[in-house]
Amino acid sequence: MKRFVIIDGNSLLFRAFFAMREMVTRDGIYTQGVFAFINMLNKILEDYHPDYIAVAFDMKAPTFRHTAYPEYKAGRLKTPMELLSQIPLMQEVLQAMNITVLEKEGFEADDLIGTMTAKAADAGLESLIITGDKDALQLVGENTYVVLNRKGMTDFDLYDLEKMQERYGLTPQEFIDLKGLMGDKSDNIPGIPGVGEKKGITLLKEYGSVEGVVAHADEIKGKLGENVRANLEEAELSKWLATIKRDVELPVSWPELAYGEPDYDRLIALYKKLEFKKFLQNLERQTPDEVTVEPEKDLLEGVKEVSYEDLLDSLKNNRTLIIEMDTDDNHKQLPEVKGVRLYNPEQMHYAECTVTPLDFEIRMGSLLDKEPELVGLGLKPMAYTLLQYGMDRFTLHHDVEVAEYLLDPNRSKYNLTNMFLHYANETLDGEDAQKRLMALDCIYRKQLPALEEKGMLSLFRDCEMPLIRTIAGMESQGMKINPEMLKSAGEELDTQIAKLEAEVFEEAGTTFNINSPKQLGEVLFETMGIPYPKKTKGKNKYSTAADVLEKLEEDYPVVSKVLMFRKASKLKSTYVDGLLGLIGSDGRIHPHFNQTVAATGRLSCTEPNLQNIPIRDENGRNIRKAFMVSEPENVFVGSDYSQIELRLMAALSGDPVLLEAFRTGEDIHRLTASRVFDIPMEDVTPLDRSRAKAVNFGVIYGMSGFGLSENLGITRKDAQRYIDDYFEKHQAVKDYLDRQVEIGKENFEVKTIMGRIRQIPEFKSRRYMDQQLAARLAMNSPIQGSAADIIKVAMNKVDAELREREMKSKLVLQIHDELIVEAVPEELEQVEELLRRNMENAVELSVPLDCDMHSGKTWFDLK
DNA sequence: CATATCACG
DNA sequence: ACGTACGTGATATGC
């Protein structure tokens, strides 16, 4: 299918303009919008390979909407002149690129886009609408997609019918009706007062459309009904205003819109005038025989749909099987499975079946008997579901989400449509289940050579893939919670909060919301006249963060009260109420460990985040008492790596002093204090040690003098001296860190000990800040990421050994450098031994990896 | 929906 | 002259 790309010129130029800092040529022409637009356009051309392309613009003249309803878009802020002047400039560039500019008096860009995509559909073309304006979503259709620019310049989301359903629960038509009901403040479309997104959707689900609501207005009860009846005309008008026209007369033909060569002479002249050196260079570098991705052949060609049973019958043992399971990822009760779809690529057989709670286990059983090598996207929910139903014999062979995460860990999400676009250069209709499985197969096959080329095949196969099951096991086991304990802690906190609040109000002489940083700042630094200890950022912008308030604690007792208030409310809302709300029907909490979120390779944890349960604060630590073993006779065993990141720094840099210290079990912070401050080991005071500790952390983070000084509350000069002294005494560390930055600058990526890659695109920027950030990332990521590699290997080993030995103890938590096992009493000693052995021997390093171990009946007791 | 804050490693 | 330590997630507020 040929592809037509149409861009909302105004919308993208706006985004581009505000995403950039100011750019002016020597002649005083403002160019940053045009510059960023061209950047985005290049990316669009590269990503989507259009056959036809056009850019639509609004015109200054009033549109037919203004004529019918003069208040339309009234009250909008004036567009800055610097931006307005860039519209004709942009159009000039587009013309030089031989890209058609569409505009028509009396219509908005949206109407032109609506019209062109309707024409495209008639002509049998696929359309991609690129815009930053959500209103375009009403144009989504069978072969019409909207690519929405969310924020910045590179964050795009592709919407098809399914994605709209998933995101809003609405069809494109309903989207228009919703806007008719709720109106739109930014366009000054009235809608019905009191109807927002929620009520709007309820009304739509009940009556189908604005017309339906109007026809049944009498039936609607209460205040809502009154509002509806009083604003019937407004609703109809609003819908009309919100509807994008799809039949504007536009005299263009497809051949004119064909995407082809630019007018090089004209473009070069323009780029010179605009001082776009980067684009000039790119133009010169471009060769006509650039590699183009071959579009996939028809995905479904040769695929045969068979019954689920037949597919299984003809599936040989231990063969690759693409699988997609509809299961919910809600961990509060037993997951509900709705359907399973399979594709056997060997025979090109596809099958799907709906699943009921009754036949799920039988159907999965007959599938798993074939011991298939399962391939899918985001397999963990399936693994979790199987484990929850007591099925533990399955092999996860390839998860395209996890694979893609290794290839590009900076991404925020990994969805099929985008990946398919990337690997096959084709859009994918998300509703076609059969096609989705073909796409999975296609992506899977293309990821293998990509992983191989990047040297990450072993990391993928031997670490990340087995980890899915390990994690699913932890989630499935979960942790039992004592709700009574949490509730009584909550009541206690409530009294504290009430008391502190009253005291703060008393001293402030006024009541306000202490949880509002804005109000708090105003009360403290204006009403009460407390001098603000930092320079104010902009106008009336006070930070009330703890490190700022702590400077005032001594002189102003209120501030202490505020800090105590904040501590208590944090505990109450996040750790008492938050946790209580996540207890499952089995009395346990089953968190989600996310494997594809953290760019360094770490896991993250959500709903709840059990990786940030309080421990440093004595009061907060008590929360851990509510986490209990699931059987009274069991016991938790916790083991944490001692100083794993500093040990890695020693190993990776080969610094002789650090290596020696870790080999002999020296106190590393004390040693650092002694060397940096030039005092004998035995004279190091606790203060010296704690400062040295901050220096050691700083080394791992790629510290700056400023950062360290902020952290320690010392002058920048002193901080810088510490840093210089440290690097002088540990030249190898300095060399190692410099080398990482060099590698990053060279390759735009750095690696961990197991070959995990993190791209650092910030190195491509020429802004000082980005370069500084890039350097810190290059220094930190290999350390943090290698530590993540190591504990992941250890987790797999621990989990595998527990299962191989058919032990009943279970891994339950990972907290970055720490593992917690819930052990049955008869296995306690074995658990302690195997936990330590597998953690300390996860990898071979030039320093020992020592663990500290603790055990107890509640999480609190692991100290 | 972004921001500020604070919990953890 | 500027803005600055790495990686996460949850909550409340306010536009």
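Below, each value reflects all heavy atoms present in this structure, side chains not excepted, and no hydrogens, waters or symmetry copies. So that the names make sense, note that chain A is the first sequence line, chain B the second, and so on, each numbered from 1.
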Given [options], which nucleotide is nearest the side-chain atoms of [X]?
| X | options | answer |
| --- | --- | --- |
| A/Ser516 | C/dT13, C/dG7, C/dG3 | C/dT13 |
| A/Ala598 | C/dG7, B/dG9, C/dG3 | C/dG7 |
| A/Pro517 | B/dG9, C/dG14, B/dT5 | B/dT5 |
| A/Arg602 | B/dC1, B/dT5, B/dG9 | B/dG9 |
| A/Lys570 | C/dG9, C/dT4, C/dA12 | C/dG9 |

Checklist entry - Distance check: side-chain N/O of A/Gln772 vs OP1/OP2 of C/dC2, anything under 4.0 Å? => result no

Checklist entry - Which whole number of Å gives the distance between the P atom of C/dA5 and that of B/dA4? => result 14 Å

Checklist entry - Just checking A/Gly702: base, sugar-phosphate only, or nothing, at a heavy-atom cut-off of under 4.0 Å? => result nothing

Next on the checklist: Could you identify the nucleotide paired to B/dC1, looking across every strand shown and requiring Watson-Crick or G-U wobble geometry with both distances under 3.5 Å?
Outcome noted: C/dG14

Next on the checklist: Tell me which nucleotide, if any, is Watson-Crick or G-U wobble paired with C/dC2 when both distances must be under 3.5 Å.
Outcome noted: none

Checklist entry - Are any side-chain N or O atoms of A/Lys134 and backbone N or O atoms of A/Leu148, one a donor and one an acceptor, separated by less than 3.5 Å? => result no

Checklist entry - Would you say the side-chain atoms of A/Glu401 pair up with the backbone N or O of A/Tyr414, donor to acceptor, closer than 3.5 Å? => result no

Checklist entry - Is a donor-acceptor pair below 3.5 Å formed from side chain A/Tyr768 to base C/dG3, judging by atom type as modelled? => result yes

Checklist entry - Does a distance-only test, which skips hydrogens and angles, find a donor-acceptor pair under 3.5 Å between the side chain of A/Arg616 and the base of B/dG9? => result yes

Checklist entry - Taking NZ, NE, NH1 and NH2 as the nitrogens, is one of them in A/Asp850 or A/Arg647 under 4.0 Å from a carboxylate oxygen of the other? => result yes

Next on the checklist: Please verify the inter-ring angle class for A/His331 with A/His590; under 30° counts as parallel, over 60° as perpendicular, anything in between as tilted.
Outcome noted: perpendicular

